[in-house]
Colleague: 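Here it is, the structure, as structure tokens.
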Amino acid sequence: KAGVTQTPRYLIKTRGQQVTLSCSPISGHRSVSWYQQTPGQGLQFLFEYFSETQRNKGNFPGRFSGRQFSNSRSEMNVSTLELGDSALYLCASSLQGSHENEQYFGPGTRLTVT
Amino acid sequence: GNSVTQMEGPVTLSEEAFLTINCTYTATGYPSLFWYVQYPGEGLQLLLKATKADDKGSNKGFEATYRKETTSFHLEKGSVQVSDSAVYFCALAGYSSASKIIFGSGTRLSIRP
């Protein structure tokens, strides 16, 4: 069974631009969660989607948004990029949700904002 | 709210040494507890988990016991290998779909040959 895939793997953007990251979960998994990982803040939860609905949201500004499609693939968007948005963005999928099932993580998208 | 406090790193040990990485938590109810591992350049992988008090999770020689009385979930391994060098994350998940998974700050482990 194929694992969680994230595209692109690396991205360089300029302040003020916007970016869209993509995540394809493991086949059959309905829950997709997004995390931001930085050396200073560690691993922080962004949001979780289940069956195209946002089920949970972390403490991030409205510039961070996401969506999930009917095939469970998910995208996250960051608008008006700031230098502090430079991070590794990880996506994780699970069968029914992170609260009861193991999460399987993708390799991440490394975003650099200059 | 729920929180996870993890031992500060980095931790450097010699091969075959005994490993303990401390993890304590604060939560209401009966959360599930996890240890995830992140190898260089990769995403996180579940190492082990425990879903109720006194459960012991184990995998690849690592063990952790869910201790409700001390609100702890310490990770242990009797004899570490160079290949165990990675960052280890303790995590907590509440019991409802409305709860988020909370990760500790991570502990970097380096093993010397």
Side-chain angles (χ1 to χ4, degrees), chain A residues 2-7 9-10 21 23-26 29-51 53-60 64 66 87-110, chain B residues 1-10 21 23 25 27-52 55 57-60 62 64 66 86-108:
Chain A
V4 177
T5 57
Q6 291 187 247
T7 56
R9 291 292 311 276
Y10 302 92
L21 312 182
C23 172
S24 293
I26 290 172
H29 285 194
R30 299 168 64 190
S31 167
V32 173
S33 297
W34 288 90
Y35 299 87
Q36 182 195 65
Q37 187 177 24
T38 60
Q41 299 297 318
L43 201 60
Q44 293 188 287
F45 172 77
L46 279 155
F47 26 67
E48 179 182 7
Y49 286 86
F50 180 80
S51 292
T53 301
Q54 187 180 86
R55 185 155 69 179
N56 257 316
K57 190 177 189 310
N59 298 322
F60 278 81
F64 292 81
L88 180 68
Y89 290 88
L90 293 166
C91 159
S93 75
S94 62
L95 272 170
Q96 298 292 340
S98 60
H99 65 290
E100 62 180 277
N101 303 128
E102 174 181 352
Q103 290 190 94
Y104 293 82
F105 282 79
T109 294
R110 172 79 58 189
Chain B
N2 295 347
S3 67
V4 174
T5 302
Q6 202 176 324
M7 179 174 166
E8 291 274 339
I21 300 178
C23 172
Y25 68 90
T28 53
Y30 301 92
S32 295
L33 300 173
F34 307 85
W35 277 100
Y36 280 85
V37 59
Q38 185 176 33
Y39 297 103
E42 298 182 14
L44 279 69
Q45 302 173 25
L46 180 66
L47 182 59
L48 52 84
K49 69 177 182 182
T51 56
K52 60 183 188 296
D55 265 3
S58 61
N59 186 26
K60 299 181 181 179
F62 290 90
Y66 189 148
V87 181
Y88 292 81
F89 293 89
C90 184
L92 170 159
Y95 55 88
S96 80
S97 62
S99 60
K100 311 166 194 176
I101 184 164
I102 308 291
F103 284 87
S105 56
T107 302
R108 182 174 299 278

Colleague: Once rounded to the nearest 0.5 Å, what's the spacing between atom CZ of Phe34(B) and atom CD of Gln103(A)?
Modeller: 7.5 Å
Colleague: For Leu43(A), which atoms come within 4.5 Å of any heavy atom of chain B: side chain, backbone, both, or neither?
Modeller: both
Colleague: Of all of Gln41(A), Gln44(A), Gln37(A), which one pairs up most often with chain B through heavy atoms under 4.5 Å apart?
Modeller: Gln37(A)
Colleague: Would you please name every residue forming a side-chain contact (heavy atoms from CB on, under 4.5 Å) with Arg108(B), sequence neighbours left out?
Modeller: Pro10(B), Val87(B)
Colleague: Could you state the interatomic distance from OH (Tyr104(A)) to CG (Leu46(B)), rounded to the nearest 0.5 Å?
Modeller: 7.5 Å
Colleague: For Lys52(B), does the NZ atom sit with more than 12 other heavy atoms under 6.0 Å from it, leaving out its own atoms?
Modeller: no
Colleague: State which residues pass side-chain contact (heavy atoms from CB on, under 4.5 Å) with Ser3(B); sequence neighbours excluded, sorted by chain then number.
Modeller: Thr26(B)
Colleague: For atom CD of Gln54(A), decide whether the heavy atoms of other residues, nucleotides or ligands shown that lie under 6.0 angstrom number more than 12.
Modeller: yes
Colleague: When rounded to the nearest 0.5 angstrom, what is the spacing between OH in Tyr35(A) and CZ in Phe103(B)?
Modeller: 4.5 Å
